[in-house]
2 protein chains.
Amino acid sequence: MTSAAPETRPYHHGDLSRALIDAARRILERDGPAALSLRAVAREAGVSPAAPYHHFKDKNELLEAVAHEGWVALDTALLTARASAADARDRMTGLGVAYVQFARDNPALYRVMYDRSRDKDALPDQMKEEGAYCQVRNTISEQTGGGVTDIDLELATIAAWCAAHGLAEMISFKQFAPLKELLGGEDAFLRAVFEHLGMFSKYDRG
Amino acid sequence: MTSAAPETRPYHHGDLSRALIDAARRILERDGPAALSLRAVAREAGVSPAAPYHHFKDKNELLEAVAHEGWVALDTALLTARASAADARDRMTGLGVAYVQFARDNPALYRVMYDRSRDKDALPDQMKEEGAYCQVRNTISEQTGGGVTDIDLELATIAAWCAAHGLAEMISFKQFAPLKELLGGEDAFLRAVFEHLGMFSKYDRG
DNA sequence: GCACCAATCTAAACGGCGTCAAGATAATCT
DNA sequence: AGATTATCTTGACGCCGTTTAGATTGGTGC
């Protein structure tokens, strides 16, 4: 035996960790988060169900690697949005729109990213140097010209993050479809929602 | 056989649907969402693994029933918050705080509630009469004295909902612990974040 | 009071899952 | 070269959701 074409993959894969992460992302996009089992990933990569355990401690660790790549991709998306903001008048909203668009374009990946965060009760990746969280804080700092206390800066960053995440999770809800159409598309809807975010401070203490 | 104590539960349960939902909520609170398997629910209720299928089409339908009760509980929590708001100056923020507190006090239940919504891409329950969504909209309407267009009212409601949901999902993240302490507790932290929600419209077009 | 029917529950099985232990294979080091 | 180590497979375990077939019961019509 062991005949057939010489095309039989070698016993050792070469870079299975990489291949597994890619396979996972492929399954996520193609079949959604529910189909993302460790066995399915191994199948997709063409190895046995136990093979991944030589590269990841368990399923969770593989998902964390996938989530990490997701956060990196979000970082670059936000960097691009900041760079391409025409004038300074639209930096924050542009950033928020870019964030939600990323979630809308990568729904399964975004879900994995946040599921991992919830399980750990933390946002490790995006606190880094050029992490998404720091990018939001830096943008606010730029927009205010530094004229804001550290505490207010942190609170505004958190507020922005919460609003963007909340919108990211609901942007695809069917109930909003008519309103989106009324406003002339999803992007216009996004900007409109961001503009109304002040309602707590605006409508209270009246 | 068939002896022992007469305490043996009758073959027919009486109200198993109710018992299953209660068992599910008990497991959620005690062991978290990851432990919520249909078999575990049946075990907790003292019946065989197949018994639930005479009352729910599948696991999803049981979870939906649990989620529904969660939304009802949230509705009453928000109703209470609105009723007990001392002065009119704090209605919206009070509502937001109550929302996030509910999520913080029932984290596993809140997760089930939103997981079901995400799978259906819709928020069915809370759109009803006294549903949470309508309560937010009505409160905004009250606070503005009706001096706002229908579209703006809807957009403000969505914005409020997104912000509250985003904050609800992150309120327990460890990164915020120092800031919470600095501000004198979680409630103060919550109010402070809500006050900063206007950053998109405030810091842009400057 | 009783036969029947429908509702309800159990027992047993299926395939799929995450994970682990043992053994096969191949690359690397000496 | 031989030995060591990393990598992959096979096969198994217990748990999961779900289905099928059969047991048990409550209710209805006579």
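Labels below follow one simple rule: chain letters A, B, ... track the order of the sequence lines, proteins then strands, and each chain is numbered from 1.
- Which of C/dG18, C/dA21, D/dT18 sits closest to the side chain of A/Lys59 comes down to C/dG18.
- Taking atom CD of residue A/Glu61 and atom P of nucleotide C/dT19, one finds them 11 Å apart after rounding to whole Å.
- Checking C/dT10, D/dG17, C/dC17 against every side-chain atom of A/Ser37, the shortest atom distance belongs to C/dC17.
- The CG-P distance, from A/Leu38 to C/dC20, rounds to 11 Å in whole Å.
- The distance between atom OH of A/Tyr53 and atom C1' of C/dA22, rounded to the nearest whole Å, is 17 Å.
- Minimum atom distance to the side chain of B/Ser48 is reached by C/dT10, of the listed C/dT10, D/dG17, D/dC16.
- Classified by interplanar angle (parallel below 30°, tilted 30° to 60°, perpendicular above 60°), the ring pair B/Tyr114/B/His165 is parallel.
- Distance NE2 (B/His55) to P (C/dA7): 12 Å, rounded to an integer number of Å.
- B/Ile27 places its CD1 atom 14 Å from the C1' atom of D/dC15, with the value rounded to the nearest Å.
- Among the nucleotides C/dA21, C/dC9, D/dC16, the one closest to any side-chain atom of B/Arg39 is D/dC16.
- Between the CZ atom of B/Phe56 and the P atom of C/dT8 there is a distance of 12 Å, rounded to whole Å.
- Among the nucleotides D/dC8, D/dC16, D/dT9, the one closest to the side chain of B/Ala40 is D/dC16.
- Between A/Asn106 and A/Glu29, the side chains place no donor N or O within less than 3.5 Å of an acceptor N or O (distance only, hydrogens not considered).
- Across the protein-nucleic acid pair, B/Asp15 atom CG and C/dT8 atom C1' stand 13 Å apart, rounded to whole Å.
- Candidate nucleotides C/dA11, D/dT9, C/dC9 were compared by shortest atom distance to the side chain of A/Ala51, and D/dT9 ranks first.
- Closest to the A/Leu16 side chain, of the nucleotides D/dT9, D/dC8, C/dC9, is D/dC8.
- Ion pair A/Asp22/A/Arg25 not flagged as a salt bridge, since none of the NZ, NE, NH1 or NH2 atoms sits closer than 4.0 Å to an Asp/Glu carboxylate oxygen.
- Contact check on B/Glu186 versus B/Arg191 returns no salt bridge, with no Lys/Arg side-chain nitrogen under 4.0 Å from an Asp/Glu carboxylate oxygen.
- Picking from C/dC17, C/dT10, D/dT10 the nucleotide with the shortest atom distance to the side chain of A/Arg43 gives C/dC17.
- Atom pair A/His54:NE2 and D/dT9:P shows a separation of 9 Å (rounding to whole Å applied).
- Within a 6.0 Å radius of NE2 in B/His55, other residues, nucleotides and ligands contribute more than 12 heavy atoms.
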